[in-house]
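So you know, we letter chains A, B, ... as the sequences are listed, proteins then strands, and number each from 1. Computed over heavy atoms, backbone and side chain alike; hydrogens, waters and symmetry mates excluded.
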There are 2 protein chains.
Amino acid sequence: MNLTVAEENYIKSIYKLQDGNAVVSTNAIAYELDTKPASVTDMAKKLKEKKLIDYEKYQGISLTPEGRKIALQIVRRHRLWECFLVDKLSFSWDEVHEIAEELEHVRSEKLITRLSNFLGNPTTDPHGDPIPDALGRISKSQPLVSLDKATARRLEVAGVSDQSSSLLEFLNAKGIRLGTQLDIIERYEFDNSVEVKIRNQPAFTLSEQVSKNIMVKSL
Amino acid sequence: MNLTVAEENYIKSIYKLQDGNAVVSTNAIAYELDTKPASVTDMAKKLKEKKLIDYEKYQGISLTPEGRKIALQIVRRHRLWECFLVDKLSFSWDEVHEIAEELEHVRSEKLITRLSNFLGNPTTDPHGDPIPDALGRISKSQPLVSLDKATARRLEVAGVSDQSSSLLEFLNAKGIRLGTQLDIIERYEFDNSVEVKIRNQPAFTLSEQVSKNIMVKSL
DNA sequence: TATTTTATTTAGATTTGTCTAAATAATATT
DNA sequence: AATATTATTTAGACAAATCTAAATAAAATA
Ligand SMILES: [Mn+2]
Ligand SMILES: [Mn+2]
Ligand SMILES: [Mn+2]
Ligand SMILES: [Mn+2]
């Protein structure tokens, strides 16, 4: 199966949007890929032809098992490169997504196997997302909760659900990164903001928009 | 100047073929890129439009200073990635060219600066070719001679002029790599073959075709 | 249910990169 | 110099990926 970069990007987007086994809409894909719905329809026909998606007019799109397999390979490459950039080239977590977006399309089984090895076969990327193994298996960790819904008092940051540079830069500035331990000081009902504290530092407040995108596990 | 992958590959080929300031022929580029002369003519018009090459119908092609600058950046990226693959991921020198051929198109100044740093700012790639620095400057080492023309008795392998996997695999099998020291035992006029010896190993014979592609310096 | 709004698809173009076949120019050979 | 050969360009076509504008289907609302 020899896919173009465009086809790979579509497959990856569909995988990302298709939470569980739901069907994905034309518009959602267009928005995700910053393209037009008409283009998505065109591509849908091609990917159906290649048996990577199930698609019937007006019925939405979902990956076939083969399509999912390919999606997992792309995600694996993307996340391994992100690890490389952060761990080996000292990039910060808000800088790596765009570059990995290109590196992920270099297809060489051997390259990825060796890269993974070189990195010590990591199982999560710099944003806390799991890295599929060579067979596409994802180790499911304990399910994470977003900070705005967490109940425990002491939490550890385990991921971010929005990976835009702007959020990551903001978290950088506040000293929040993967593994950071947070104590909940107070929750304000009025705007759903939350006051938190990092060990030995003054407390500060996070808006609902931010806390919604911080995934935590209790300690 | 935002170039497509295809445009970058043309620029790089022209740079490679344009030894010194000679003009490059349509056919030579087509052969190098495994495409058709008609396609080269088409692309020549586009690259001329972008002021990256000088081109007049039937008069051959040459890079403008701007084109050369870009070519050197691509060559830099290509060779740095080759170093990465060999030094960090333990690829052998005959496996890296194809992968680097793709990696070279990931454009990020910061990525390349950091990669170079991570590798210790190497100045030659795994095939002995010089790596341009960030400003496109190539450190010119002592000029190399091909093994079939060398005069000294003791030589050191400093490069290969043909980087096909088949040659490199052959050299691997014979125990010849960069830095290998060779003693010339005998040259046979009949077929221009040459008998050589690596320290502590039985002598063996190299055909003219092979010795032409091994670049050496005398010790 | 009829109507309005939203989502999706189709029709028709455009850009990029490629090709084959035919035409033309340049070069080499008699 | 005439002819043959080789190199290069042009003409016309095609596939991939995109777009806009218009048509149609589905969903939401009145
Ligand atoms: Mn990412
Ligand atoms: Mn991508
Ligand atoms: Mn190479
Ligand atoms: Mn390339």
Side-chain angles (χ1 to χ4, degrees), chain A residues 1-15 17-19 22-63 67 70-71 74 101-102 104-107, chain B residues 1-15 17-19 22-63 67 70-71 74 101-102 104-107:
Chain A
M1 185 65 51
N2 229 21
L3 300 179
T4 64
V5 168
E7 288 170 332
E8 286 197 341
N9 283 334
Y10 273 94
I11 292 287
K12 191 159 64 92
S13 289
I14 296 165
Y15 174 81
L17 295 171
Q18 186 181 349
D19 204 49
V23 128
V24 180
S25 78
T26 305
N27 270 2
I29 298 170
Y31 182 79
E32 171 75 19
L33 283 172
D34 193 23
T35 181
K36 293 291 179 298
S39 307
V40 176
T41 301
D42 289 344
M43 182 60 88
K45 291 173 185 167
K46 291 178 207 160
L47 294 176
K48 183 189 179 171
E49 190 58 39
K50 294 193 174 189
K51 298 188 193 306
L52 299 178
I53 62 170
D54 290 317
Y55 168 64
E56 294 301 333
K57 255 197 208 185
Y58 296 107
Q59 299 314 125
I61 292 169
S62 62
L63 293 174
I70 289 172
I74 306 168
E101 203 59 41
E102 299 195 42
E104 71 187 358
H105 302 294
V106 175
R107 243 158 315 137
Chain B
M1 186 64 49
N2 230 19
L3 301 178
T4 64
V5 168
E7 288 170 331
E8 286 197 342
N9 283 334
Y10 273 95
I11 292 288
K12 191 158 64 94
S13 289
I14 296 165
Y15 174 80
L17 294 170
Q18 187 180 348
D19 202 49
V23 129
V24 181
S25 77
T26 304
N27 271 1
I29 297 169
Y31 182 80
E32 172 75 19
L33 282 173
D34 194 22
T35 182
K36 294 290 180 295
S39 307
V40 176
T41 301
D42 289 344
M43 183 60 89
K45 291 173 185 166
K46 291 177 207 161
L47 294 176
K48 182 187 179 171
E49 191 58 39
K50 294 193 174 190
K51 299 189 194 303
L52 300 177
I53 62 171
D54 291 317
Y55 166 64
E56 294 301 333
K57 255 197 208 184
Y58 296 107
Q59 300 312 127
I61 291 169
S62 62
L63 293 174
I70 290 171
I74 305 167
E101 202 59 42
E102 299 195 43
E104 71 187 0
H105 302 293
V106 176
R107 241 157 317 136

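B/K50 has its side chain out of reach of B/N2: every pair of non-hydrogen atoms, C-beta onward, lies at least 4.5 Å apart. Between A/D42 and A/K36 the shortest side-chain heavy-atom distance does not fall below 4.5 Å. At a threshold of 4.5 Å between non-hydrogen side-chain atoms, the residues B/S39 and B/Y10 count as touching. For the pair A/T41/A/Y55, a side-chain contact is recorded, criterion being any heavy-atom separation below 4.5 Å from C-beta on.
Here the CD1 atom belonging to A/I74 is positioned 7.0 Å from the NE2 atom belonging to A/H105, to the nearest 0.5 angstrom. To the nearest 0.5 Å, the span separating CG on B/N9 from CE on B/M43 amounts to 9.0 Å. Rounding to the nearest 0.5 angstrom, the gap separating the CG atom in A/L33 from the CG atom in A/L17 is 8.0 Å. Here the straight-line distance linking atom CD1 of A/I61 with atom CG of A/L52 works out to 12.0 Å at 0.5 Å rounding. Rounding to the nearest 0.5 Å places CD1 of A/I70 at 5.0 Å from CG of A/L3. Here the straight-line distance linking atom CG of B/D54 with atom CG of B/L47 works out to 11.5 Å at 0.5 Å rounding.
A salt bridge between A/K12 and A/E101 is present, with a side-chain N of the basic residue lying under 4.0 Å from a carboxylate O of the acidic one.
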So which protein N/O to nucleotides 25-29 of chain D N/O distances come out below 3.5 Å?
unit_1: D/dA25; atom_1: O4'; unit_2: A/Y58; atom_2: OH; d: 3.3

Which protein N or O atoms sit under 3.5 Å from an N or O of nucleotides 11-17 of chain D?
unit_1: D/dA17; atom_1: OP1; unit_2: A/T4; atom_2: OG1; d: 2.3

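Counting to the nearest Å, the P atom of C/dT16 and the CG atom of B/L47 are 12 Å from each other. In this structure, CD of B/E8 is placed 15 Å from C1' of C/dT16, rounded to the nearest angstrom. Distance A/E56 CD to D/dT24 C1': 17 Å, rounded to the nearest Å.
Neither OP1 nor OP2 of C/dG17 sits under 4.0 Å from any side-chain N or O of B/S39. Contact between the side-chain N/O atoms of A/T41 and the OP1/OP2 oxygens of C/dT9 is found at a separation under 4.0 Å.
Residues from residues 25-37 of chain B that place a heavy atom under 4.0 Å from any atom of DNA chain C, listed by number: B/T35, B/K36.
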